[in-house]
Amino acid sequence: MTDCIFCKIIAGEIPATIVYRDEQATAFRDINPAAPIHILIIPNKHIDSVNMMTVDDEPLIGHLFTTAKALAAQEGIANGGFRLIMNTNADAGQTVFHIHLHLLGGSRMKNPMG
Ligand code: AMP
């Protein structure tokens with residue numbers, strides 16, 4: 001998608017601190033971190049939101065989770081704990097319409113859900 005900021009990060013057209021990349025996914029540090037460690041894991045294929053995913057996307061979305069698990073270990077937060085969030089549409093606060101998994105950790109979460 002030409003007007004998608006995350007597609008532009010994947011294409012290297014917008015700078016980002018990329019911490020992982022493979023054929024299916026890219027991970028980079030959130031520009032406005034909500035926790036000491038805040039990484040976004042996104043599919044290289046553009047999908048607007050969970051509302052737009054199909055059964056065919058299940059392996060790809062699953063790959064985001066195994067990537068998050070590996071990154072949590074790499075960042076040293078696997079044992080202490082981390083939170084994975086995927087916001088969908090306005091009520092959840094989705095602001096970028098390219099599916100992304102937030103990996104948050106590095107401190108004790110104060111709110112059970114956010
Ligand atoms: P959401 O509110 O779930 O759509 O999350 C979007 C996230 O993308 C927010 O946490 C933003 O801080 C983050 N974000 C937006 N633009 C960039 C960017 N250029 N580089 C890194 N993170 C970004």
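Only heavy atoms go into these numbers, but all of them, side chains included; no hydrogens, no water, no symmetry mates. Predicted, not measured: the structure shown is a model, and the values here were computed from it. Remember, it's 1-based here, ligands and their atoms both numbered in the order they're listed. The residues of the chain are indexed from 1 along the displayed sequence.
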Residue portion contacting ligand 1 (non-hydrogen atoms closer than 4.0 Å) for M86 = neither
Tell me, yes or no, whether the heavy-atom count around D22 atom CG, taken from other residues, nucleotides or ligands under 6.0 Å, exceeds 12.
-> yes
Considering only heavy atoms, does F97 approach ligand 1 within less than 4.0 Å through its side chain, its backbone, both, or neither?
-> neither
Looking only at distances, please establish whether an N/O atom of ligand 1 is found under 3.5 Å from an N/O atom of I31.
-> yes
Against heavy atoms of N32, which atoms of ligand 1 measure under 4.0 Å?
-> 12 (O)
Nearest heavy-atom pair of D57 and M52: which atoms, and what distance?
-> OD2-O, 4.3 Å
Which is closest to atom 7 (C) of ligand 1 by heavy-atom distance: D30, I14, T17, L104?
-> D30
Close-contact set for ligand 1 against H100 heavy atoms, below 4.0 Å = 1 (P), 3 (O), 4 (O), 5 (O), 6 (C)
dist F97:CZ -> I5:CD1 (nearest 0.5 Å) comes out at 13.5 Å
Decide whether an N or O pair under 3.5 Å exists between Q94 and ligand 1.
-> no
State the atoms of ligand 1, each with its element, that fall below the 4.0 Å cut-off from a heavy-atom position in R29.
-> 21 (C)
Between H100 and H102, does the ring centroid distance fall short of 6.0 Å?
-> yes
Is any side-chain heavy atom of I77 closer than 4.5 Å to a side-chain heavy atom of L103?
-> yes
Report the part of I85 in contact with ligand 1, treating N, CA, C, O as backbone and CB onward as side chain, heavy atoms under 4.0 Å; options are side chain, backbone, both, neither.
-> neither
May I ask you to check whether V96 has an N/O atom sitting below 3.5 Å from an N/O atom of ligand 1?
-> yes
Distance col, row L71:CG vs I41:CD1, nearest 0.5 angstrom, shows 5.5 Å
Under 3.5 Å, side chain of E23 to main-chain N/O of A25, donor-acceptor pair present?
-> no
Mark up the atoms of ligand 1 that fall under 4.0 Å of a heavy atom belonging to F6, in ascending order.
-> 8 (O)
The one among P15, G93, A16 that brings a heavy atom closest to atom 2 (O) of ligand 1 = G93
Using distance alone, determine whether H102 and ligand 1 share an N or O pair under 3.5 Å.
-> yes
Main-chain N/O of D48 paired to Q94 side chain as donor or acceptor, under 3.5 Å = yes
